[in-house]
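Structure record follows, encoded as structure tokens.
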Protein chains: 2
Amino acid sequence: MGELKKNFKAYLAAQGLKTTQQREVILDAFLASPSHLSTEEFYLKIRKKHPSIGYATVYRTLKLFSESGIAVERNFGDKQTRYEVLSDEEHHDHLVCTSCSKIIEFEDPEIERLQENVALRHGFKVLNHSLELYGLCADCTGK
Amino acid sequence: MGELKKNFKAYLAAQGLKTTQQREVILDAFLASPSHLSTEEFYLKIRKKHPSIGYATVYRTLKLFSESGIAVERNFGDKQTRYEVLSDEEHHDHLVCTSCSKIIEFEDPEIERLQENVALRHGFKVLNHSLELYGLCADCTGK
DNA sequence: ACTCCAATGAAATCGAATTTCAAAGTATCA
DNA sequence: TGATACTTTGAAATTCGATTTCATTGGAGT
Ligand SMILES: [Mn+2]
Ligand SMILES: [Mn+2]
Ligand SMILES: [Zn+2]
Ligand SMILES: [Zn+2]
């Protein structure tokens, strides 16, 4: 069993929560899906193979993923919350194309370091951050 | 008359829109208010002195401010849209305390430069960006 | 003052997020 | 394995900020 699945099950056990068939199905589907899907998009996807699973369950389970630490919520300007898998110590930020909605991930340790510096200068302890660059991707620049 | 008021009036004129009493009142109140208020918070504030002004008008006028370029919309994790005055070429990002909701503004040209580099590496043209550091402010670190 | 649109306020609507609740499932233990 | 004690689930209802509708009122040029 994958690391993430183990972590999630451990979280459930630790919280006195239960392993259910729905949670198993939703977790497998989540791990196999493209990143940055909204709750609605993900629900529609799951529904095809598992029509009996309700939207509320998908919604609640995605939140659980986030609480357990195996996923993170994202917001890219539109009003919808999006989710993506996140292994332990990874972290990345995003370029978001305002024309075609393409999302490009990037990591930049130097930016992260400078963010810490900013925080230090203000006696601030950073717990998490959000950095998105909005604009036109290479494909859309010419249009 | 202040630069911002001039700019806004120029925008109205250019768009064939009208200067109304409500817009005058709302603009003055906006310029005199603390930054980062949500639409609702700002409306409640205005309402005290001008009970006849409706929420819809405040909502629409804040959007107008944003379209005209004298203000910007912000989102700090909670679901509410917040507004703040923004003079011409200024730009800043935010530290947001997740404990007391305090908001600290900062500018870091080096971070901005690195962001441009990231974009360049991906053939991406940045039109705007969003950077918030969430965590505990100096006051809340000890609690 | 007349006329043409734009603006306004109240209420309705929208859409995503979140909650409610009765029915069903899971884990534990006798 | 069957009873017990909760937890989970699905459908529907609700919440809440954002946005729109629409009848009426208000600018501004003529
Ligand atoms: Mn990502
Ligand atoms: Mn600010
Ligand atoms: Zn694109
Ligand atoms: Zn604080």
Side-chain angles (χ1 to χ4, degrees), chain A residues 8-30 36-68 71-83 101, chain B residues 8-30 36-68 71-83 101:
Chain A
F8 183 61
K9 295 220 170 179
Y11 176 81
L12 290 181
Q15 302 293 312
L17 304 178
K18 293 173 178 174
T19 297
T20 65
Q21 300 206 300
Q22 287 91 335
R23 284 174 179 165
E24 302 262 25
V25 165
I26 294 171
L27 178 52
D28 287 337
F30 185 60
H36 315 126
L37 293 186
S38 69
T39 307
E40 177 73 14
E41 289 166 345
F42 182 58
Y43 165 65
L44 291 177
K45 205 155 171 300
I46 281 196
R47 195 208 222 176
K48 291 178 187 165
K49 290 212 172 187
H50 302 275
S52 65
I53 294 184
Y55 175 87
T57 300
V58 172
Y59 162 80
R60 288 184 286 230
T61 304
L62 287 174
K63 292 221 111 176
L64 258 190
F65 292 165
S66 160
E67 288 160 21
S68 77
V72 286
E73 298 189 358
R74 302 283 193 192
N75 275 97
F76 296 137
D78 57 356
K79 48 230 97 185
Q80 310 201 128
T81 298
R82 294 168 183 285
Y83 289 85
S101 299
Chain B
F8 183 61
K9 295 220 171 180
Y11 176 80
L12 290 182
Q15 303 293 312
L17 305 179
K18 293 174 178 173
T19 298
T20 65
Q21 300 205 301
Q22 287 92 335
R23 284 175 180 165
E24 301 263 24
V25 164
I26 294 171
L27 178 52
D28 287 338
F30 185 60
H36 315 124
L37 293 187
S38 68
T39 307
E40 176 74 14
E41 289 166 347
F42 182 58
Y43 165 65
L44 292 177
K45 204 154 171 302
I46 280 197
R47 193 208 224 177
K48 290 177 188 164
K49 290 213 173 187
H50 303 275
S52 65
I53 294 184
Y55 175 87
T57 300
V58 172
Y59 163 79
R60 288 184 286 229
T61 304
L62 287 174
K63 292 221 113 178
L64 258 191
F65 291 166
S66 161
E67 289 159 19
S68 78
V72 286
E73 299 189 358
R74 302 284 194 190
N75 275 97
F76 296 137
D78 57 356
K79 49 229 98 188
Q80 310 201 126
T81 299
R82 295 168 184 284
Y83 289 85
S101 299

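Each chain gets a letter, A, B and so on, in the order its sequence line appears, and its residues count up from 1.
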Which protein N or O atoms sit under 3.5 Å from an N or O of nucleotides 12-16 of chain C?
{"residue": "C:dA16", "atom": "OP1", "partner": "A:Q80", "partner atom": "OE1", "Å": "3.4"}

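Contact annotation: the side chain of B:F30 never approaches that of B:L37 to less than 4.5 Å [non-hydrogen atoms, C-beta and beyond]. Side-chain contact between A:T20 and A:T57: absent, with no pair of heavy atoms (C-beta onward) separated by less than 4.5 Å. Two residues are said to be in side-chain contact when any heavy atoms from C-beta on lie closer than 4.5 Å; B:Y55 and B:T39 meet this criterion.
Within the 4.0 angstrom heavy-atom criterion, no nucleotide atom of any strand lies near B:S38.
At whole-Å resolution of the value, OH in A:Y59 and P in D:dA11 are 17 Å apart. Spacing between atom CD1 of A:I46 and atom P of D:dG10 amounts to 11 Å, rounded to whole angstrom units. Rounded to whole Å, the distance from CZ on A:R74 to P on C:dA17 is 16 Å. Rounded to a whole Å, the CG atom of B:D78 is 9 Å from the P atom of D:dA18. Atom P of nucleotide D:dT9 and atom CG of A:L12 are separated by 10 Å, given to the nearest angstrom. In this structure, the NE2 atom of A:H50 is 14 Å from the P atom of D:dT9, given to the nearest Å. Atom-to-atom, CZ of A:R47 to C1' of D:dT9 comes out at 17 Å; the value is rounded to the nearest Å. Taking atom CZ of residue B:R82 and atom C1' of nucleotide D:dG17, one finds them 12 Å apart after rounding to whole Å.
Considering only the side chain of A:T39, C:dA17 comes nearest among C:dA17, D:dG10, C:dG9. Distances from the side chain of B:T57 to the nucleotides C:dA11, C:dA6, C:dT8 place C:dT8 closest. Comparing D:dA11, D:dT21, C:dA7 by their closest approach to the side chain of B:R60 singles out D:dT21.
Within the 4.0 Å cut-off from OP1 or OP2 of C:dT18, at least one side-chain nitrogen or oxygen of A:K63 is found.
The structure places CD of A:E67 at 11.0 Å from CG of A:L62, a figure rounded to the nearest 0.5 Å.
No more than 12 heavy atoms of other residues, nucleotides or ligands shown are found within 6.0 angstrom of CD on B:Q21.
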Does the pair B:Q22 and B:H50 meet the rule for a side chain to side chain contact (heavy atoms under 4.5 Å, CB included), with working shown?
CA-CA 9 Å; B:Q22 287 92 335; B:H50 303 275; over 6 Å; no
Kindly determine whether B:Y83 and B:K63 satisfy side chain to side chain contact (heavy atoms under 4.5 Å, CB included), including the steps that lead there.
CA-CA 9 Å; B:Y83 289 85; B:K63 292 221 113 178; 3.8 Å; yes
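Proximity of a side-chain donor or acceptor of B:R74 to a complementary backbone N or O of B:H36 within less than 3.5 Å is not detected.
A heavy-atom distance below 4.0 Å to DNA chain D is reached by these residues of residues 18-25 of chain B, ordered by number: B:K18, B:T19, B:Q21.
Between A:E24 and A:T19, the shortest heavy-atom contact is OE2-CG2, 3.2 Å.
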